[in-house]
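Below: the structure, in structure tokens.
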Amino acid sequence: MDEKENVQTNFIRNIIDADLASGKHTSVYTRFPPEPNGYLHIGHAKSICLNFGIARDYNGKCNLRFDDTNPDKEEEEYMHAIMEDVRWLGFEWTEEKHASDYFDQLYMFAVKLILDGKAYVDSQSAEDIRNTRGTLKQPGQESPFRNRDIQESLGMFQRMKEGEFTDGEHVLRAKIDMASPNINMRDPVLYRIKRTHHHRTGDDWVIYPMYDFTHCLSDAIEGITHSICTLEFEDHRPLYDWVLDEAGTPCHPQQIEFARLQLKYTVTSKRKLHQLVHDNHVDSWDDPRMPTISGMRRRGFTSASIRDFCDRIGVTKKDSFIEMAVLENSAREDLNEHALRVMAVLKPLKVTIENYPDDQVEMLEAQNHPQHPEMGTREVPFAKTIFIEREDFMEDAPKKFFRLTVGREVRLRYAYYVTCTDVIKDDSGEVIELICSYDPETRGGDSPDGRKVKGTIHWVSVQHAIDAKINLYDRLFTHPDPGSAENFIEHMNPDSLIKLEQCKLEPSLAEADPGKHYQFERTGYFVRDSHEEALVFNRTVTLRDTWAKIDKQNA
RNA sequence: UGGGCCGUCGCCAAGCGGUAAGGCACCAGGUUUUGAUCCUGGCAUUCGGAGGUUCGAUCCCUCCCGGCCCAGCCA
């Protein structure tokens with residue numbers, strides 16, 4: 001990997017530096033703790049790069065831990081997809097863990113809390129608990145069961161575990177402070193009864209621990225030093241610390257919160273992502289328009305570019321929205337360096353070169369990468385009839401238009417200078433073919449007399465071209481913050497996918513490998529679709545287009 | 001006066017009392033057989049606002065303004 005070594009610093013690394021300097025820690029241990037209830041997205045990538053990146057840079061460790069305490073929503077399928085995505089992003093975990101690995105230990109910690117008078121079995125209904133929790137401004141009321149005898153609570157908790165009660169009949173609650181200004185401290189529920197099959201523990205358990213009880217203890221059990229999570233858990237930190245203090249764990253990880261990634265013109269909430277997939281607004285979790293890791297991979301983003309993106313956006317506690325341009329820049333930077341250059345005509349227009357010998361075919365040498373001669377060359381067949389891009393011809397061209405128009409000479413990349421001499425139209429007046437003449441002296445694209453042409457356009461020989469379908473992707477939404485809209489679906493971009501058929505590619509693309517990235521010269525970066533049998537290419541991102549900008553300004 | 005957190009260029013982001021890094025975007029040039037890449041230059045006398053402390057404040061204090069999060073037996 002040729003990524004930059006100047007690692008961005010951030011407030012979390014500053015904390016770690018201080019902890020190492022003070023001797024609070026001698027090594028660093030982090031963890032990436034997804035709940036296996038969906039596919040990973042670009043927001044997770046930020047967390048992954050942060051946690052695994054810290055472990056890498058500090059010679060520390062980082063676990064992959066599945067936060068699987070709610071069997072209602074969690075599935076094995078997601079677990080495997082998550083592992084695949086983390087690995088694809090270029091990281092390997094020290095250990096694969098599951099919160100469910102700790103169910104026995106967690107149970108014992110709960111028993112200790114009960115014995116210490118720090119937890120009790122509450123027999124109120126969920127509704128009663130909600131109604132007595134108080135509001136943001138008013139304190140809650142204590143449960144009538146709050147001072148239940150310790151032995152009675154203990155016995156009931158054991159019976160909860162044995163399955164003697166129905167779902168929801170009782171819960172285990174921490175005994176903290178119903179008047180706390182922090183609602184999380186108002187006797188939070190620690191365990192609930194839930195008869196749901198768990199994808200790992202099967203039907204062994206009918207009680208499942210809550211996040212607040214599980215997460216901190218899992219961190220402590222694994223010896224995590226810095227437990228990095230997102231901002232919405234800030235209010236949970238006092239509870240995180242309370243549980244560890246009361247449980248008396250030998251190790252007390254530090255929870256540190258950072259702002260989650262928000263990208264303009266897309267959504268990253270799991271609920272919305274699920275909705276897009278299940279209501280068929282997109283084809284699948286890995287639809288190339290999705291901000292999922294798998295979708296971006298299929299779209300053609302490289303893992304290096306995603307890592308670079310995560311490095312560039314930084315880590316702070318400030319709510320922020322990153323512009324798409326940053327992601328696109330990261331993609332272009334990596335692809336520009338590594339992608340093979342080829343010629344492909346997206347919207348073909350036939351051109352006949354009148355003075356070129358009828359049956360002649362020449363193999364012209366083309367560079368695979370202009371800045372990297374070591375990447376070699378290839379031969380591209382040239383003949384009397386070729387396809388050029390429709391957009392490269394304009395009948396009434398403005399002076400700044402460097403491409404083809406009647407009477408103007410341009411260079412066919414790696415081939416010849418050609419001048420447009422005539423235009424053929426169909427009955428409706430649409431241009432269907434161009435007639436050009438070429439200068440045999442300019443073979444390869446250089447003119448011996450030194451005359452210059454302003455434009456160079458790409459082309460493909462008609463008789464050698466191979467057909468392909470090309471998917472042009474654009475932002476999924478037209479609203480910069482679709483998630484904030486009343487109905488985000490209404491803001492979907494109707495042109496987020498434009499399917500082109502009968503695109504014409506140079507023959508070398510016939511056996512394009514799905515993992516290989518190409519620059520279709522002058523149009524963008526593309527990758528062969530990994531799902532389609534046929535030759536289908538996905539556009540990852542366009543090239544920067546100064547002409548489009550000029551054209552827009554003149555319009 | 002419910003609690004917690006945040007506010008440095010259009011978007012991100014360094015800065016941690018000594019006089020505003022960097023990236024993206026944008027603008028202007030140069031090179032170029034991709035209007036790509038690459039290169040050069042420009043782009044915050046100012047850090048949400050007002051006071052205060054200090055020789056000196058983006059960094060400390062006070063107040064004010066603005067934004068985000070929290071009332072799942074979700075995570």
Side-chain angles (χ1 to χ4, degrees), chain A residues 6 8-10 14 33-35 37 67 69-70 72-74 122 124-127 129-131 133-140 167-173 180-186 188-194 208 210-212 214-215 229-238 257 259 264 270 311-330 332-333 336-337 341 343 366-367 369-371 400-403 411-415 417 442 444-446 452-458 519-524 542-551:
Chain A
N6 55 327
Q8 298 279 314
T9 188
N10 58 53
N14 290 344
E35 181 185 13
N37 68 345
D67 233 330
T69 57
N70 183 3
D72 286 345
K73 303 194 291 179
E74 296 152 8
D122 193 348
Q124 294 184 107
S125 66
E127 193 187 353
I129 289 178
R130 184 181 349 110
N131 292 150
R133 184 151 25 228
T135 68
L136 294 179
K137 296 187 178 184
Q138 285 162 262
D167 288 14
E169 202 175 340
H170 308 284
V171 290
L172 183 71
R173 284 233 254 176
S180 172
N182 181 344
I183 294 180
N184 294 302
M185 300 299 272
R186 317 236 262 232
V189 171
L190 266 22
Y191 268 89
R192 75 285 212 186
I193 302 170
K194 192 191 283 277
Y208 290 97
M210 300 288 289
Y211 165 86
D212 285 307
T214 309
H215 204 92
C229 63
T230 43
L231 246 31
E232 66 271 26
F233 292 104
E234 237 164 354
D235 291 338
H236 294 245
R237 193 180 343 120
E257 312 85 10
K264 288 186 183 175
K270 247 174 209 173
D311 287 342
R312 285 172 190 262
I313 60 177
V315 178
T316 67
K317 302 189 70 151
K318 188 168 94 180
D319 291 302
S320 58
F321 269 90
I322 310 294
E323 292 180 342
M324 266 307 177
V326 181
L327 215 207
E328 292 175 347
N329 174 69
S330 292
R332 290 193 186 108
E333 200 168 286
N336 174 55
E337 192 61 20
R341 271 60 174 172
M343 292 198 284
Q367 290 180 286
H369 190 126
Q371 279 77 43
K400 300 283 276 290
F401 186 77
F402 301 156
R403 285 110 92 148
R411 173 167 39 234
L412 292 177
R413 178 140 236 228
Y414 300 124
Y417 281 16
T442 57
D446 284 309
K452 302 272 192 246
V453 288
K454 290 287 267 184
T456 298
I457 64 177
H458 58 102
Q519 183 195 96
F520 289 1
E521 291 205 55
R522 304 209 307 129
T523 60
T542 62
L543 256 34
R544 278 198 185 80
D545 192 346
T546 308
W547 166 246
K549 213 179 283 176
I550 295 168
D551 196 33

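Letters go in sequence order (proteins before strands), and every chain restarts at 1. All values below were derived from every heavy atom in this structure, side-chain atoms included, with hydrogens, water molecules and symmetry-related copies excluded. This structure is a prediction, so every number in the text was calculated from the model and none was measured.
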Please measure how far the [atom1] atom in [N] lies from the corresponding atom in [M], and state the result in whole Å.
N: U8(B); M: G22(B); atom1: C1'; answer: 13 Å
N: G7(B); M: C16(B); atom1: P; answer: 15 Å
N: G41(B); M: G23(B); atom1: P; answer: 11 Å
N: C64(B); M: C70(B); atom1: P; answer: 25 Å
N: U37(B); M: U45(B); atom1: P; answer: 29 Å
N: C74(B); M: C11(B); atom1: C1'; answer: 33 Å
N: C27(B); M: C9(B); atom1: C1'; answer: 15 Å
N: C59(B); M: G18(B); atom1: C1'; answer: 11 Å

#### Entry: Earlier contact from the 5' end, RNA chain B, for N14(A) and W547(A)
N14(A)
### Query
When you match H236(A) and S320(A) each to their closest nucleotide on RNA chain B, which lands nearer the 5' end?
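Nearer the 5' end of the strand: S320(A).
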Whole angstroms only, please: what is the [atom1]-[atom2] distance between [X] and [N]?
X: K270(A); N: G72(B); atom1: NZ; atom2: C1'; answer: 16 Å
X: M343(A); N: A36(B); atom1: CE; atom2: P; answer: 18 Å
X: R237(A); N: C70(B); atom1: CZ; atom2: P; answer: 16 Å

Does the structure show a Watson-Crick or G-U wobble partner for [N], both distances under 3.5 Å? Name it, or say none.
N: C38(B); answer: G30(B)
N: A13(B); answer: none
N: C60(B); answer: G52(B)
N: G66(B); answer: C6(B)
N: C47(B); answer: none

### Message
Students often mix this up, so state it plainly: with edges at 30° and 60°, are the rings of H236(A) and F233(A) parallel, tilted or perpendicular?
### Response
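Because their plane-to-plane angle is over 60°, the rings of H236(A) and F233(A) count as perpendicular.
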Heavy atoms only, 4.0 Å cut-off, all strands: where does [X] land among base, sugar-phosphate and nothing?
X: P139(A); result: nothing
X: E234(A); result: sugar-phosphate
X: Q124(A); result: base
X: V171(A); result: base

Measure the shortest side-chain to side-chain distance between [X] and [Y] over non-hydrogen atoms and say whether it is less than 4.5 angstrom.
X: T523(A); Y: T542(A); result: no
X: P33(A); Y: H215(A); result: yes
X: D122(A); Y: V189(A); result: no

What nucleotide, of [options], holds the atom closest to the side chain of [X]?
X: K317(A); options: C74(B), C6(B), C73(B); answer: C6(B)
X: D235(A); options: G15(B), C74(B), C69(B); answer: C69(B)
X: K73(A); options: G3(B), A14(B), C74(B); answer: C74(B)

### Query
Any luck finding a side-chain donor-acceptor pair between E127(A) and S125(A) under 3.5 Å?
no
If you compare every side-chain N and O of [X] against the phosphate oxygens of [N] (OP1, OP2), does one of them come in below 4.0 Å?
X: K318(A); N: G67(B); answer: no
X: R544(A); N: U34(B); answer: no
X: S125(A); N: C73(B); answer: no

### Message
Using only atom types and a distance under 3.5 Å, with no angle test, would you say the side chain of S180(A) pairs donor to acceptor with the backbone of M185(A)?
### Response
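Checking the backbone N and O of M185(A) against the side chain of S180(A), no donor-acceptor pair under 3.5 Å is found.
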### Query
What's the base orientation of G72(B): syn (chi within 90° of 0) or anti?
syn
### Query
Do NZ/NE/NH1/NH2 and the carboxylate oxygens of K270(A) and E35(A) come within less than 4.0 Å?
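Judged by the 4.0 Å cut-off on N to carboxylate O distance, K270(A) and E35(A) do not form a salt bridge.
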